[in-house]
There are 2 protein chains.
Amino acid sequence: MIKEEKGREPKRRSTRQRRVVLEVLRSTTSHPTADWIYEQVRKRIPNISLGTVYRNLKLLRDMGEIMELDFGSTYSRFDGNPNPHYHFSCMDCGRVMDVDIPVATELEEKVRCRHGWEVFSHRVEFYGLCAECSRRRLSEEEAPPTSEGQG
Amino acid sequence: MIKEEKGREPKRRSTRQRRVVLEVLRSTTSHPTADWIYEQVRKRIPNISLGTVYRNLKLLRDMGEIMELDFGSTYSRFDGNPNPHYHFSCMDCGRVMDVDIPVATELEEKVRCRHGWEVFSHRVEFYGLCAECSRRRLSEEEAPPTSEGQG
DNA sequence: TTAGGTGCAAACGGTTTGCCGGTCA
DNA sequence: TGACCGGCAAACCGTTTGCACCTAA
C-alpha cells in the first residue's frame, strides 16, 4: 500500500552505520540478504546490530537509494489459475488482480540472446491504482477528507 | 532452487481436506492468503488445522494445480542499483543477477488500455539456469555424479 | 495392510519494535 | 538542546514440523 505522507518525513542524518550499509550494497552486484549485509558491515563496525541494518535498509529503500526485492508483504498469496499470466497489485487497497494481456515470451528470448542463460519462465507484476482507488483519490482531491496535517 | 527428483514422489491420495482447499481457491479470482483460505475451508471442515491447509497448498503447487505468488524465499534481497531493471534468478545456484535488456514500458500502456488501471511501475523476474549451472548439468549428464537412486 | 494424511501445538526464522542511552546538527 | 539514531533483546507472525492417531486405496 502507498503510505500517506501526512506528517512529512523527519530530516535524515548522515550516520556512519547508514553510510557503510549503503557502501557495502553499492560495492556488490550480487543481491544480498540483510544478513549477508550485516556480516559485511560488521567487518568495519563490529558492534553494529542487526536491527540497525534492517532499519537503515528500509530507510535507504524509502529514500530511493536502493531497491528491495520482495513480494511487498511477508506472506504468500495463492492463485487458483496455474496458467502463465501477469498480475496487477493495487498500491492503495492491496488487491491483486489478474492481467489480461498476452504473455511476452519474446522477453525470454532476449535474455537468452543477451546473457546466454537458459530461461524457463518469467513473471511480471504491475503496480498502480485500480479503477476504484483511482476514482476515490480524485474525489478526495476535490473534497479533502480531513484538515489534519495540511498546514 | 530446482528440487532434484531423486526419490520419486509418493502416490497422492484424494482427501476431503485437499479437495476443499482446491475448490475454495478455484472458486475465487482474488489471490487469497493461506489464512483467508483456512477461514473459508473451516466453514465446511470446521476442525481442519492451519498446518493441513499449508501442507495442501504446497502440495497442490508442486502438483501444478495452483500457483504461489511469493518471491521464492522467506527473506528479502537488496539491490544497490535503484534504477528500473529486470532480474534473473538461477533455479540451481539461487543467485540473482541483473538483466541487461531494455525495460518494456509498453507493457504498462497495454495494461492501462486493457483494464483502465493507473500503472506506475512493473517488475519482471526470469527463472532458469545461469551459464555455469547449465554447463555443470550437461557435464553431469555425461558423467553422472553418483549411482544412488538411479534404479 | 500400510503409505500417506490429519490435528495439534511447539518450534522456526526473518523481521520489527520498545526502551533507553548516545550522537549529529 | 533536541530530534534523530543505534544497541540490545524481546516480540512478532507467517510458516514449518514432530508426533501420534487416522484413513484412503
Side-chain angles (χ1 to χ4, degrees), chain A residues 1 3 7-25 31-63 65-78 94 96, chain B residues 1 3 7-25 31-63 65-78 94 96:
Chain A
M1 331 257 168
K3 35 177 74 78
R8 125 203 108 295
E9 294 294 300
K11 283 187 217 66
R12 293 296 166 210
R13 273 185 211 158
S14 168
T15 65
R16 192 155 113 80
Q17 286 84 344
R18 182 128 73 238
R19 257 177 278 125
V20 174
V21 166
L22 183 56
E23 281 169 26
V24 163
L25 202 38
H31 298 72
T33 62
D35 206 66
W36 185 91
I37 296 167
Y38 173 55
E39 289 305 329
Q40 301 309 307
V41 174
R42 276 222 288 184
K43 291 177 183 169
R44 294 171 56 185
I45 311 178
N47 70 327
I48 194 174
S49 76
L50 184 55
T52 295
V53 170
Y54 272 107
R55 267 187 292 237
N56 279 314
L57 285 171
K58 300 298 174 189
L59 228 51
L60 289 166
R61 178 200 58 193
D62 293 344
M63 294 160 69
E65 293 290 327
I66 66 173
M67 223 190 256
E68 182 172 2
L69 273 46
D70 67 351
F71 207 72
S73 63
T74 56
Y75 41 74
S76 285
R77 285 166 172 275
F78 295 88
V96 175
Chain B
M1 330 256 169
K3 34 176 76 75
R8 122 207 107 299
E9 295 294 300
K11 283 188 219 66
R12 293 296 167 209
R13 273 184 211 161
S14 168
T15 65
R16 192 154 114 79
Q17 287 84 342
R18 182 128 72 235
R19 258 177 277 126
V20 174
V21 166
L22 183 56
E23 283 168 25
V24 163
L25 202 38
H31 298 72
T33 61
D35 205 68
W36 186 90
I37 296 167
Y38 172 55
E39 289 305 326
Q40 301 308 307
V41 174
R42 276 223 287 185
K43 292 177 183 170
R44 292 171 56 185
I45 310 177
N47 70 327
I48 194 175
S49 76
L50 184 55
T52 295
V53 170
Y54 271 106
R55 270 188 291 238
N56 279 315
L57 285 171
K58 299 298 174 190
L59 228 54
L60 289 166
R61 178 201 58 191
D62 294 345
M63 294 160 71
E65 293 290 328
I66 67 174
M67 223 190 257
E68 182 172 2
L69 273 46
D70 68 353
F71 206 72
S73 62
T74 57
Y75 42 76
S76 286
R77 284 166 172 276
F78 295 87
V96 175

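Convention: sequence-line order gives letters A, B, ...; per-chain numbering from 1. Worth saying up front: this structure is predicted, and the values here are computed from it rather than measured.
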Notebook entry, point to check: Atom CD1 of B:I48 to atom C1' of C:dG5: distance rounded to whole Å?
Noted result: 11 Å

Checklist line | Nearest-angstrom distance from the residue atom OH of B:Y38 to C1' of D:dT16 | finding: 15 Å

Notebook entry, point to check: Is the shortest side-chain N/O distance from B:Q17 to OP1 or OP2 of D:dT23 below 4.0 Å?
Noted result: no

Note to self: Holding to side-chain contact (heavy atoms from CB on, under 4.5 Å), I want the full list of residues that pass it with A:R77, two or more places apart in sequence or in another chain.
What the structure shows: A:V96, B:H31, B:T33, B:L69

Item checked: Nearest-angstrom distance from the residue atom CG of B:N56 to C1' of C:dG4 -> 12 Å

Notebook entry, point to check: In Å, rounded to the nearest 0.5 Å, how long is the span from CD of B:Q17 to CG of B:L59?
Noted result: 12.5 Å

Note to self: What is the distance, to the nearest angstrom, from the CZ atom on A:F78 to the P atom on D:dG14?
What the structure shows: 13 Å

Check: Going through the distances and angles, do A:L57 and A:L25 end up as a side-chain contact (heavy atoms from CB on, under 4.5 Å)?
Finding: CA-CA 10 Å; A:L57 285 171; A:L25 202 38; 4.0 Å; yes

Next item on the list: Give A:T33 one of three labels, base, sugar-phosphate or nothing, depending on what nucleic acid heavy atoms sit under 4.0 Å from its own.
Entry: nothing

Note to self: Any non-hydrogen side-chain atom of B:V20 less than 4.5 Å from a side-chain atom of B:N56?
What the structure shows: no

Notebook entry, point to check: Using a cut-off of 4.0 Å between protein heavy atoms and nucleotide atoms, how would you tag nucleotides 16-25 of chain C 5' to 3' with B, S and -?
Noted result: BBB---BBB-

Notebook entry, point to check: Listed by chain and number, what are the side-chain contact (heavy atoms from CB on, under 4.5 Å) partners of B:Q40, not counting sequence neighbours?
Noted result: B:V24, B:W36, B:K43

Notebook entry, point to check: Want to settle it: does B:K11 or B:N47 sit nearer the 5' end of DNA chain C, counting the closest nucleotide to each?
Noted result: B:K11

Next item on the list: Find the distance B:I37:CD1 to D:dT15:C1' and express it as a whole number of Å.
Entry: 13 Å

Note to self: Just verifying a value: how many Å separate A:I45 CD1 and A:Y38 OH, rounded to the nearest 0.5 Å?
What the structure shows: 11.5 Å

Notebook entry, point to check: Rounded to the nearest Å, what distance is computed from the OH atom of residue B:Y75 to the P atom of nucleotide D:dT16?
Noted result: 13 Å

Item checked: Whole angstrom value for the distance that separates P of C:dT15 from CG of A:D70 -> 9 Å

Checklist line | Whichever of B:R77 and B:I45 has its nearest DNA chain C nucleotide further upstream toward 5' | finding: B:I45

Check: CZ/B:R18 to CE/B:M63 distance, rounded to the nearest 0.5 angstrom?
Finding: 6.0 Å

Note to self: Any base atoms under 4.0 Å from A:D35, or only sugar-phosphate, or nothing? Heavy atoms, all strands.
What the structure shows: nothing

Notebook entry, point to check: What is the distance from CZ of B:R19 to P of D:dT23, rounded to the nearest Å?
Noted result: 14 Å

